[in-house]
Amino acid sequence: MHCYCGSGLSYSHCCQPYHSGLRQAETCEQLMRSRYSAFCRKELPYLQLSCVAELQAEQSPEQMRDFVSRVHFVRLKLLPLPHLVFSKDEGYVHFQVWYLLGNQLHSFSELSHFVRQQDRWLYSSGDVREHVAQKVGRNDPCPCGSGRKFKSCQPHLASGHAAA
């Protein structure tokens, strides 16, 4: 199965080693991609542990569990970064995510801020911009990019690849 993050690699060779603790993200982008995959797979412990302590204390596991149980993530796209100052212990990733909630396609873009603490990249904060939700009709193309109609694509894999 292709990885949820859209890297083109298999999940077992891409984000799974991060989720299982076998590898640490070496870049901000790797951490962001692994967090997206964790949202797709509902890997709540990983999501908690991959952010700074302040966010761990603020985020309710119940709220996060409720969110990931109601949505179906379908796509991740990296966006160009604005000109920002980076350092070896601080970085940014700009991306857009699409997810289904019922028959509504939701999307947001985020400029995420990451920090490196104790030689580990962690999610610190994000500037999120919600986009207008769109209704997906039964005969519309599925937003996962499979090329199938929405009605015949469901259920499809969260990785964005249609089920056989």
Side-chain angles (χ1 to χ4, degrees), residues 1-20 23 25 27-51 55 58-82 91-114 121 123-164:
M1 178 183 89
H2 282 83
C3 192
Y4 303 90
C5 76
S7 67
L9 300 173
S10 69
Y11 172 67
S12 63
H13 289 100
C14 189
C15 290
Q16 185 180 32
Y18 303 121
H19 297 166
S20 64
R23 284 184 19 207
T27 67
C28 300
E29 182 181 326
Q30 285 177 344
L31 182 61
M32 183 279 301
R33 286 180 175 277
S34 69
R35 285 179 53 82
Y36 173 81
S37 291
F39 274 106
C40 292
R41 293 189 45 86
K42 301 168 180 46
E43 297 278 353
L44 300 179
Y46 180 80
L47 290 168
Q48 281 288 115
L49 293 173
S50 61
C51 61
L55 286 180
E58 289 175 17
Q59 294 176 342
S60 158
E62 293 78 24
Q63 290 173 320
M64 192 177 294
R65 188 176 305 110
D66 180 55
F67 175 69
V68 298
S69 68
R70 292 184 297 119
V71 303
H72 183 81
F73 292 91
V74 293
R75 200 165 100 200
L76 167 69
K77 179 182 178 185
L78 286 153
L79 300 173
L81 275 170
Y92 299 87
V93 178
H94 194 203
F95 62 92
Q96 186 168 358
V97 167
W98 289 264
Y99 63 91
L100 291 167
L101 180 57
N103 67 342
Q104 295 277 317
L105 178 64
H106 295 261
S107 175
F108 66 88
S109 53
E110 179 173 338
L111 178 60
S112 293
H113 177 243
F114 296 87
W121 283 107
Y123 174 77
S124 175
S125 64
D127 181 14
V128 177
R129 194 177 116 224
E130 293 281 341
H131 303 278
V132 177
Q134 303 170 356
K135 182 178 181 190
V136 182
R138 292 174 37 80
N139 290 314
D140 290 341
C142 186
C144 75
S146 68
R148 295 184 181 182
K149 290 183 179 179
F150 183 59
K151 68 181 178 186
S152 61
C153 193
Q154 287 192 325
H156 61 279
L157 299 175
S159 66
H161 299 279

Rounded to the nearest 0.5 Å, how far apart are [atom1] of [X] and [atom2] of [Y]?
X: S125; Y: E110; atom1: OG; atom2: CD; value: 8.0 Å
X: R23; Y: Q30; atom1: CZ; atom2: CD; value: 6.5 Å
X: F67; Y: F39; atom1: CZ; atom2: CZ; value: 6.5 Å
X: C40; Y: R75; atom1: SG; atom2: CZ; value: 13.0 Å

Side chain to side chain donor-acceptor pair (under 3.5 Å) against Y11, all qualifying residues, sequence neighbours excluded:
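For Y11, the residues satisfying side chain to side chain donor-acceptor pair (under 3.5 Å) (neighbours in sequence not counted) are H19, R41.
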Return the minimal non-hydrogen interatomic distance between [X] and [Y], and the atom names on each side.
X: L44; Y: P61; result: CD1-O, 4.4 Å
X: P17; Y: C14; result: CD-O, 3.4 Å
X: A25; Y: W121; result: O-CD1, 3.6 Å

Salt bridge (Lys or Arg N to Asp or Glu O under 4.0 Å) involving R35 - partner list, sequence neighbours excluded:
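Checked R35 against salt bridge (Lys or Arg N to Asp or Glu O under 4.0 Å); zero matches.
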Taking side chain to side chain contact (heavy atoms under 4.5 Å, CB included) as the definition, give me every residue that meets it alongside [X], ordered by chain and number, with sequence neighbours left out.
X: S20; answer: L22
X: S69; answer: D66
X: K77; answer: L79, W98

Within a 6.0 Å radius of atom CZ on R70, are there more than 12 heavy atoms belonging to other residues, nucleotides or ligands?
yes
If you count the non-hydrogen atoms of other residues, nucleotides and ligands that lie under 6.0 Å from CD in Q63, is the total more than 12?
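Atom CD in Q63 is not packed in, count stays at 12 or less.
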Would you call the rings of F73 and Y99 parallel, tilted or perpendicular, taking 30° and 60° as the class edges?
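Rings of F73 and Y99: tilted, 30 to 60°.
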Would you call the rings of Y92 and H113 parallel, tilted or perpendicular, taking 30° and 60° as the class edges?
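Because their plane-to-plane angle lies in the 30° to 60° range, the rings of Y92 and H113 count as tilted.
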Any donor-acceptor N/O pair, H94 side chain to L111 backbone, under 3.5 Å
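Not confirmed, H94 side chain does not pair with L111 backbone.
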Can any side-chain N or O of S10 pair as donor or acceptor with the backbone N or O of H2 at less than 3.5 Å?
no
I'd like to check [X] versus [Y] (side-chain heavy atoms, cut-off strictly below 4.5 Å). Are they in contact?
X: S34; Y: Y46; value: yes
X: L76; Y: R33; value: yes
X: L100; Y: L105; value: yes

Can you give me every donor-acceptor pair (side chain of residues 132-144, partner residue at least two apart or in another chain, under 3.5 Å) with its distance?
| from | atom 1 | to | atom 2 | distance (Å) |
| --- | --- | --- | --- | --- |
| N139 | OD1 | K151 | NZ | 2.9 |
| D140 | OD2 | G137 | N | 2.7 |

Between E29 and T27: side-chain donor-acceptor atoms closer than 3.5 Å
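Side chains of E29 and T27: no pair found under 3.5 Å.
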Looking just at side-chain N and O atoms, do H131 and S109 make a donor-acceptor pair shorter than 3.5 Å?
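Side chains of H131 and S109: pair found under 3.5 Å.
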